[in-house]
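Being a predicted model, the structure only gives us computed values, none of them experimental. Letters go in sequence order (proteins before strands), and every chain restarts at 1.
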Amino acid sequence: MNGARNPQLGPDGRLLHLLTLEGLPAETIVSILDTAEPFASIGERDVKKVPLLRGKAVFNLFFENSTRTRTTFEIAAKRLSADVINLNIGASSTSKGETLLDTIDNLVAMNADMFVVRHAQSGAPHLIASHLHATGKPHVHVINAGDGRHGHPTQGLLDLYTIRHYKRDFRALSVAIVGDVLHSRVARSLIHGLTTLGTPDVRVIAPKTLLPARVEAMGVRVHHDMRAGLAGCDVVVMLRLQSERMKGALLPSSGEYFRHYGLTADKLALAKADAIVMHPGPMNRGVEIDSAVADGERSVILPQVTFGIAVRMAVMSMIAGGPP
Amino acid sequence: MTSRADPSDANLPDAEEALASLAQGMRAGVAHGAAFVGIYSGGAWIAERLAKLLPGDHPVGYIDVSFYRDDFASKGLKAGARRSNLPFDVGGASIVLIDDVLYTGRSTRAAINELFDYGRPASIELAVLIDRGGRELPIEPTYVGARVACARSLSIALSRAGDGKLALNVEPAGKA
Amino acid sequence: MRIAILGGRVVDPASGTDRVTPVYIADGRVAALDAEPASFHAERTIDAKGLVVAPGLVDLNARLREPGLEHKATLESELKAAVAGGVTRLACPPDTDPPLDEPGLVEMLTQRARHARRAHVHPVGALTMRLEGTTLTEMGALADAGCVAFSQGDVPIGDTQVLLRAMQYAATFGHRVWLRPQDAHLARGGVAHDGEIATRLGLPAVPACAETIALGTILALARETGVHVHLQRLSTAEGVAMVRAAKRDGLAVTCEVAAHHLHLCDIDIGWFDSLARLDPPLRGTRDRAALRAGLADGTIDLVSSDHAPVDDDGKLVPFGEAEPGATGLELLLSLTLKWAHEERVGLADALARVTSRPAALLGVPAGTIATGAAADLCIFDPAAHWRVERRALASQGRNTPFAGHELPGRVRYTLVDGAVVHEA
């Protein structure tokens, strides 16, 4: 059974793939954040490239559309001098009849070195990593760019990097994650990362319809009242609300959602005076976050994007190097 | 000026003496506005000291070659990479690249490649505290503090004490 | 052929037999136990020293995939798997393609099965036409064609009025209704049990109430109509409690659990292992404990394999896209024995759950080794352990979450109507 071994770590603890933040040792997470540091300055040079992945082929395999995430991965890979091939398979893949694993086999035959995969199904990157292991392709690596509701580990890492940049020590922080946790891979990854790094107070704030069963078991405190939930927080992370949630009888309207769970200046005032506001993007202004707050001085939403490129460069470099 | 020593006899030159010797050798040759770029960490310490020891206004920069090494495929990315910081325009600059120990020449090659990604320098000179021979690339230093013969099984490292005093040590060659 | 089985420990839960004694077979029946009949002249002698001679297993829930789904499995391959697992008699659900809602289809199936000359096949007829839950099937004609009961397979009847009437109609003629309790709306889109594991893995979930709400409805309607209901694929602790209460109230209800639910729970999904994608989903440890206890105390009457062969195309996909199901016929005996060892249940007691009790539900004389009974036997080595290996499985769908596991109990001989149809 593939359940036993953590497929993303090698026998020596080395990072072979990045599939999830769950089960990653704290040292590994910290070393990714530390490695991202020097990469952050590459973007300020004339030649925004280093030769680490020269000659490597990175395939962006996006089964779910996403221009922003794909673009940041593309920039990160190109800054590492990799060759980048974008495959936007979208929803039409099944109509072509080719299975996910057949697609992977074909691309490996075209000398792919790394797959950056976004898929609507939780566990798709794990399946790919298992398949590569089973077919004897140890030199091909997988990075999860978002799988269903399960995980978005590079987003989790860049969120951790952002928090560390502004707040330094996780062990003294209160972090609130607000919104549709039930459907959020961003939330799950961030919760794993925060708890692994010793954050003592991680809160989720959402109506019952948007919280998964037994979420406390992940190490979070549940709040249904946003004002109570934000009290004294150092970091406020707002999650995107998708319009489909109204159709599924999960919420009545975005107006009512905004009233109870939208971040406005007066609600933010309940957090600490120097609290930072984060959002994985893209934002729905007026639904989960007020424009004034999104553009306000406590918002670090744009720096998150910049940090995202450095973090992805760090992850790709750490995975790609070394003998297979 | 130069001294020969065999470190297997624990006869490494004194780092401070070698530094003085290096500075002396550079006094005449180095251009007045030349930038000193030290390779982390040992080269960086030496660059700082040289900027104080030598006359003239020398901007000091620091370079981390982790992203330009040629052993990425065999050894992966080294932990502890730092930001390079070159607070001057590399294009058209006269640069003295500074490192603590010159051995195979690969770090120097990596540093030169990295400098060229910042711009096109007018010239690059190489200053090293210790030259231990064993070159694997056609690279020669312009200025040398001391020459030392050293067995391949050993590695020479520079350390800096709390008061800033530099010292050379020999360790078994392990994680390069 | 006249066969003498010597030196085996004969365990027959139906008659209470449990002793080392010979068994003599002639003309497809058990001719005698203990003493060799006069002028017997065995044409074949089986040395059963150290082995258990049990009635052939009776499995009430095994999908053969015929008609219509032959790319997944065929009658030949699955009946071969059945006898490899010591199963000599099985009931197959009506959700084939087309579903078993016409006597002609049922006859074709039973004829093909007879022709294969391995295990006996008892089709379960569809309760509604095309399993659509609107029109009743001709239960009388289907029963005449050989259907032992009526079921909806996996497709619940959404319209409670139709369900009530189907049960009333069945009760009129004494037909049994076998139902799998599942509320279609609550189960919609779910692929894993609604608990900690599904939350961590980000898998759409099926809450336990999807089973208990449907169970409540079924039990209430059973009370109303007096029909005998047999509940299949029970998976929740609350469900077991509801059945226990209903039985205590004297309701004519029986139920079964799928063998894999006795052993596995949602933790076994690991890192999205599609082999663990099952319907109902593997639930929590509490549910597993309640199912095991329920089987031990008789609330759950029997164990079935829930054999649902899935080919590799159905499993080598992300978890949420995988086809639920696992091969089970070859594992039924071993999984039952494993449960019995772990819960300290005696061998005869354990075997009753896969022989005499399911046979009673089929309403056919089977599941016993009495003199005169059909010689359907499962002779196995209780002390042997075997490793579940894909390539060694006889079923066409080789996917099982027990792949690589070591299980107790190895079938050595299977006899159907006195003929040796499997030996290992």
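More than 12 non-hydrogen atoms from other residues, nucleotides or ligands lie less than 6.0 angstrom from CD of B/Glu171. In the displayed structure, B/Asp57 atom CG is contacted under 6.0 Å by at most 12 heavy atoms of other residues, nucleotides or ligands. For A/Arg54, the CZ atom is loosely surrounded, since the number of other residues' heavy atoms within 6.0 Å does not exceed 12.
In this structure, A/Leu52 CG and B/Phe67 CZ are separated by 6.5 Å, a value rounded to the nearest 0.5 Å.
Of the two parts of B/Ala79, neither the backbone nor the side chain holds a non-hydrogen atom closer than 4.5 Å to a non-hydrogen atom of chain A. Contact of B/Asp64 with chain A is not made at all, since no heavy-atom distance falls under 4.5 Å.
Contacts between residues 36-45 of chain A and chain B, counted as heavy-atom pairs separated by less than 4.5 Å, involve A/Glu37, A/Pro38, A/Phe39, A/Ala40, A/Ser41, A/Ile42, A/Glu44, A/Arg45. Using non-hydrogen atoms only and a strict 4.5 Å limit, the part of residues 303-319 of chain A facing chain B consists of A/Ser317, A/Met318.
Residue pairs satisfying the salt bridge (Lys or Arg N to Asp or Glu O under 4.0 Å) criterion with at least one member in residues 21-33 of chain A, sequence neighbours excluded, are listed as follows: A/Glu22-C/Arg200.
Judged as a side-chain hydrogen bond (donor to acceptor under 3.5 Å, both in side chains), and not counting sequence neighbours, the contacts of B/Arg106 are B/Asp70, B/Glu136.
The minimum heavy-atom distance between B/Phe72 and A/Ala320, with the atom names listed, is CZ-C, 3.9 Å.
Of all the listed residues (A/Thr35, A/Val50, A/Leu53), the one sharing the greatest number of non-hydrogen pairs under 4.5 Å with chain B is A/Val50.
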